[in-house]
Amino acid sequence: MERIKIKDDLELSRIIHGYWRLMDWNLNSNEILNLIEETYDLGVTTVDHADIYGNFCCEEKFGEALKLKKGLREKLQIVTKCGIKFPSENRPENKSHCYDTSKEHIIKSAERSLKNFNTDYLDVLLIHRVDALLNPEEVAEAFSKLKKDGKVRYFGVSNFLPSQFNMLNSYLEEELVTNQIEISPLCLNSFEDGTLDLMLQKRVKPMAWSPLAGGRIFSGEEEKALRVKEVLNKIKDEVGAEDIDEVAYAWLLMHPSKIMPIVGSGKIDRIKSAVRATDILLTRDQWFEIYVASRGVDIP
Ligand SMILES: NC(=O)c1ccc[n+]([C@@H]2O[C@H](COP(=O)([O-])OP(=O)(O)OC[C@H]3O[C@@H](n4cnc5c(N)ncnc54)[C@H](OP(=O)(O)O)[C@@H]3O)[C@@H](O)[C@H]2O)c1
């Protein structure tokens, strides 16, 4: 499995495993441990979380599994997020659905994540979404404190537009290491709004969330999904892939910004498909066939 160098002392696996849906997988701690180990054996060593996933329960559930195997945490790179609040029985202090990137909240959230994961450091902490009230000086102070205290190694963002990414970066002691954005054959925004251009310009590697459009490349009924599925199926046969998810991953992997797809399934066979895709090289014609099928109109 290819490793992506993020910093001199931080490498992530090209394919990342996402735990947003963990609570739907109905796994006990031993089963989660098995999944982590099987995934690790495929070379997928980086995991993606957020404080809010599973109604604020996923991090802790994952942490319980980590506790079962001494030394496992150090073999993984844990990415998690903060900055979204919503009312929940698991967070009685949250009054409403809002974003909070205050210094106090970022630090509190990161410290709670550490406790949930049973670890004393996070590899990467992301601001989950752009907060209209984001005060970059406060964010910079929170990041510096967490870094100085050894609690977080590196910082990034998610769902930031280029201007927002640059704005926050300009306040930080150390630059953001990634932007986690939605990219899939059904979501082309980042190719067109300058987000991937900025990643290339700054040599920052993006992460792709919902790389299979949350499963809609298989099940979507809308015209766009049907068009894309037809082309993915055609190319699947041309490249000898087992299913269209492999083609979708290969399409993301071909972009020069070195997109890191985050696999959202808890089924090991589906994670294996993503890993197999790292060996598929699409032609430029095939790449554009998928792109045009998604656009619905030919390129100019
Ligand atoms: N930063 C953000 O704002 C943000 C937002 C959303 C997600 N994320 C991250 O991105 C990760 C991935 O997102 P995602 O879960 O939406 O990714 P995804 O891989 O696009 O979608 C996963 C869904 O696709 C289904 N699927 C996969 N293979 C399939 C197949 N062969 N046939 C039918 N259905 C199939 C899965 O079902 P099964 O479970 O049955 O396999 C699952 O429901 C999340 O875990 C999270 O870490 C980040």
Side-chain angles (χ1 to χ4, degrees), residues 12-13 15-27 31-32 35-36 38-39 44 46-55 57-59 61-62 76-84 86 99 101 113 117 122-131 155-161 164-165 176-187 189-190 195 206-221 225 228-229 232-233 236 241-253 259-277 294:
L12 305 181
S13 53
I15 302 290
I16 295 174
H17 192 205
Y19 279 85
W20 173 31
R21 301 174 193 268
L22 172 61
M23 304 311 279
D24 302 333
W25 300 340
N26 290 318
L27 303 177
E31 289 166 334
I32 297 171
L35 177 64
I36 300 171
E38 279 188 273
T39 308
V44 178
T46 305
V47 295
D48 183 66
H49 282 265
D51 57 342
I52 57 169
Y53 286 173
N55 194 14
C57 292
C58 289
E59 288 185 339
K61 192 137 175 91
F62 187 86
L76 304 176
Q77 299 80 45
I78 298 182
V79 179
T80 195
K81 317 184 192 77
C82 66
I84 302 180
F86 55 81
Y99 296 154
T101 52
S113 296
F117 287 122
L122 301 171
D123 293 279
V124 185
L125 177 68
L126 310 180
I127 300 290
H128 204 149
R129 288 206 170 254
V130 173
D131 166 8
F155 300 89
V157 290
S158 181
N159 303 300
F160 273 45
L161 289 169
Q164 296 160 335
F165 189 95
L176 298 164
V177 298
T178 192
N179 190 6
Q180 185 180 118
I181 48 185
E182 182 178 9
I183 327 174
S184 76
L186 293 184
C187 180
N189 301 352
S190 59
T195 303
M207 297 176 182
W209 62 260
S210 291
L212 308 179
R216 281 188 303 115
I217 65 157
F218 293 96
S219 59
E221 297 282 328
V228 168
K229 185 156 89 172
L232 290 175
N233 265 309
K236 174 197 86 170
E242 285 183 25
D243 208 339
I244 58 171
D245 51 349
E246 281 176 53
V247 182
Y249 288 123
W251 183 82
L252 291 169
L253 293 166
I259 294 168
M260 293 174 273
I262 311 175
V263 178
S265 176
K267 297 179 178 133
I268 195 68
D269 284 345
R270 291 183 173 170
I271 303 169
K272 284 182 182 164
S273 300
V275 172
R276 269 199 309 276
S294 182

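Scope of the values below: all heavy atoms of this structure, side chains included, with no hydrogens, waters or symmetry mates. One-based numbering, in listed order, for ligands and for the atoms of each.
Taking every non-hydrogen atom of Ala213 and a distance limit under 4.0 Å, the qualifying atoms of ligand 1 come out as 20 (O). Atoms of ligand 1 found under 4.0 Å from any heavy atom of Asp48 (numbered from 1 in listed order, with element): 9 (C), 46 (C), 47 (O). Under a 4.0 Å criterion applied to the non-hydrogen atoms of Tyr19, ligand 1 contributes the atoms 45 (O), 47 (O). Counting the atoms of ligand 1 from 1 in the order shown, those under 4.0 Å from a heavy atom of Ser158 are 1 (N), 2 (C), 3 (O).
Under a 4.0 angstrom heavy-atom cut-off, Arg129 registers as being in contact with ligand 1. At least one heavy atom of His128 sits under 4.0 Å from some atom of ligand 1. For the ligand labelled ligand 1, residue Lys81 lies inside the 4.0 Å heavy-atom shell.
Side-chain contact between Phe155 and Val124: absent, with no pair of heavy atoms (C-beta onward) separated by less than 4.5 Å. Residues Asn159 and Gln164 fail the side-chain proximity criterion, which asks for heavy atoms closer than 4.5 Å. No side-chain heavy atom of Tyr53 sits under 4.5 Å from any side-chain heavy atom of Thr80. In this structure the side chain of Pro261 reaches within 4.5 angstrom of the side chain of Ile15, judged on heavy atoms.
For atom 19 (O) of ligand 1, the closest non-hydrogen atom on the protein side is Gly264 N, 3.4 Å. With hydrogens left out, the protein atom closest to atom 17 (O) of ligand 1 is Ser210 CA, 3.4 Å, a heavy atom. Scanning the protein for heavy atoms near atom 27 (C) of ligand 1, the closest one is Leu212 CD1, 3.7 Å. Nearest protein heavy-atom contact of atom 40 (O) of ligand 1 is Lys267 NZ, 2.5 Å. Looking only at heavy atoms of the protein, atom 12 (C) of ligand 1 is closest to Ile262 O, 3.3 Å. Looking only at protein heavy atoms, the nearest one to atom 32 (N) of ligand 1 is Arg270 NH2, 3.4 Å. Closest to atom 22 (C) of ligand 1 among all protein heavy atoms lies Arg21 NE, 3.7 Å. Among all protein heavy atoms, the one lying closest to atom 25 (C) of ligand 1 is Gly215 CA, 3.8 Å.
The residue among Trp209, Phe218, Tyr53 with a heavy atom at the shortest distance from atom 46 (C) of ligand 1 is Tyr53. Comparing heavy-atom distances from atom 21 (O) of ligand 1 across Ser265, Gly18, Gly214, Pro261 singles out Gly214 as nearest.
Between the side chain of Lys229 and the backbone N or O of Ile244 there is no donor-acceptor pair closer than 3.5 Å. Checked by atom type and distance alone, the side chain of Ser13 pairs as donor or acceptor with a backbone atom of Thr46 at under 3.5 Å.
The aromatic rings of Phe62 and His49 sit perpendicular to each other, their planes meeting at more than 60°, with 30° as the lower class boundary.
Partner Asp48 forms a side chain to side chain contact (heavy atoms under 4.5 Å, CB included) with one of Val79, Val263, Ile78 and no other, that one being Val79. When Ile52, Thr101, Val157 are each tested for a side chain to side chain contact (heavy atoms under 4.5 Å, CB included) with His128, only one passes: Ile52.
Residues Ser210 and Glu182 bring no donor and acceptor atom of their side chains to less than 3.5 Å of each other.
Counting heavy atoms closer than 4.0 Å to ligand 1, residue Asn159 contributes side-chain atoms (C-beta onward) but none from N, CA, C or O.
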So Phe160 and Ile181, side chain to side chain contact (heavy atoms under 4.5 Å, CB included) or not? Walk me through it.
CA-CA 8 Å; Phe160 273 45; Ile181 48 185; over 6 Å; no
